[in-house]
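In what follows, a structure is listed as structure tokens, so that the remarks can point back to it.
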Amino acid sequence: MPELPEVEVTRLSFADRIAGATIAQVRLGKPLRWPLGCEPAALQGRVVQRVDRRGKYLLLELDRGLLLLHLGMSGSLRFAERMPQAGPHDHLDIATSRGVLRLHDPRRFGAVVYAADRQAPAAQKLLGRLGVEPLAPEFDAAALYDGLRRRQASIKQILLAGELVVGVGNIYACEALFLAGIRPTARAASLGRRRVLRLHAAIRQVLEQAVARGGSTLRDFANAHGEAGSFQQGAMVYGRAGQPCRVCGSPIRLLRQGQRSSYFCPTCQKY
DNA sequence: CACGGATCCTGATGGC
DNA sequence: TGCCATCAGGATCCGT
């Protein structure tokens, strides 16, 4: 489900509400991708100071330590005043003095991991090799070009890998490549400076627009208050196989790259 | 070392 | 209606 825009929309929807809250109790459901890394009871009494984001990770900064939250493919967070009744896919509840933060994740590819600080091994293992934040000033077109120049894999795979730039998942990789006029199968190293410049701008544009529209709700994404996003309605290629390109009318094509669907316009996007 | 594929898990969907 | 195959927003691990 969640790529950078969905994670950021989620963060914006509850960060202010939970800031300053004291953790009363933490309940875990079925196992998630990785173990928590501490006893849930050890978190009682700690204060959530703020909520940050790094790539697709949400960071609950505590007065001592932090919790790294990942939503995987099917995870979503809700923030409620009172403890709602738990369903079979609710695998984490953080009850606080300001309300309850709940992780709902049917597929359980998500995770919650405790780390003493950002430099601790538990945090570095997850965050240590992440690329730059696409919405931050450090996301630089020249650096992107340098990074892509030596990569033999397809540009789509390199974007998804998150080593050069984070947060771009399957939907937004497809959309950004369309905006940039680049085929998802183009070799990363084959892209010239001018096209990388265009890709750089496209990544920023598509992510910013998606955040502004509340993210994409393909099946069930919603922010922490249950409100759906609307970006998917304006998608240029994602999920539109066989439908006419919104620019030129050519039927949108679908192919498989690394077990994922790539959608593209055969006319607007070049190698 | 860089790449591509298999893999974790559950639910929705479509064909028969 | 049921059964089966396929697919889904992610990211790690493993073999080549």
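Naming convention: chains lettered A, B, ... in sequence-line order (proteins, then strands); numbering from 1 in each chain.
- Applying the ring-ring contact (aromatic ring centres under 6.0 Å, His included) rule to A/Phe178 yields no partners; only residues at least two apart in sequence or on another chain are considered.
- Considering only residues two or more places apart in sequence or on other chains, A/Glu81 meets the side-chain hydrogen bond (donor to acceptor under 3.5 Å, both in side chains) condition with A/Arg17.
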Return the polar atom pairs (N/O with N/O) between nucleotides 14-16 of chain C and the protein under 3.5 Å, or none.
none

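- Between B/dT7 and C/dA5, the distance separating the two P atoms is 16 Å to the nearest Å.
- Contacts of A/Tyr238 with the nucleic acid, taken as non-hydrogen atoms under 4.0 Å apart, involve only primed sugar atoms and P, OP1 or OP2.
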Could you provide the dot-bracket string of DNA chain B, using ( ) for intrastrand pairs, [ ] for crossing pairs and | for bases paired to another strand, with Watson-Crick or G-U pairs below 3.5 Å? .|||||||.|||||||

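- Applying the ring-ring contact (aromatic ring centres under 6.0 Å, His included) rule to A/Tyr145 yields no partners; only residues at least two apart in sequence or on another chain are considered.
- For residues 107-119 of chain A, proximity to DNA chain C is found at A/Arg107, A/Phe109, defined as any non-hydrogen atom under 4.0 angstrom from a strand atom.
- The outermost nucleotides of DNA chain B lying under 4.0 Å from heavy atoms of chain A, listed 5' to 3', are B/dC3 to B/dA12.
- Other residues sharing a hydrophobic cluster with A/Phe264 under the 4.5 Å side-chain heavy-atom criterion for ILVMFWY residues are A/Leu255.
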Can you give the donor-acceptor pairs under 3.5 Å from side chains of residues 20-30 of chain A to other protein atoms, not counting sequence neighbours?
| from | atom 1 | to | atom 2 | distance (Å) |
| --- | --- | --- | --- | --- |
| A/Arg27 | NE | A/Asp93 | OD2 | 2.9 |
| A/Arg27 | NH2 | A/Asp90 | O | 2.9 |
| A/Arg27 | NH2 | A/Asp93 | OD2 | 3.0 |

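- In the hydrophobic clustering, A/Val100 connects to A/Met83, either directly or through intervening members, whenever side-chain heavy atoms lie under 4.5 Å apart.
- In the hydrophobic clustering, where aliphatic and aromatic side chains (Ile, Leu, Val, Met, Phe, Trp, Tyr) are joined below 4.5 Å either directly or transitively, A/Val166 groups with A/Trp34, A/Tyr57, A/Leu59, A/Leu66, A/Leu68, A/Val113, A/Leu126, A/Leu127, A/Leu130.
- Only at 4.0 angstrom or more do the heavy atoms of residues 138-151 of chain A sit from any atom of DNA chain C, so none qualifies.
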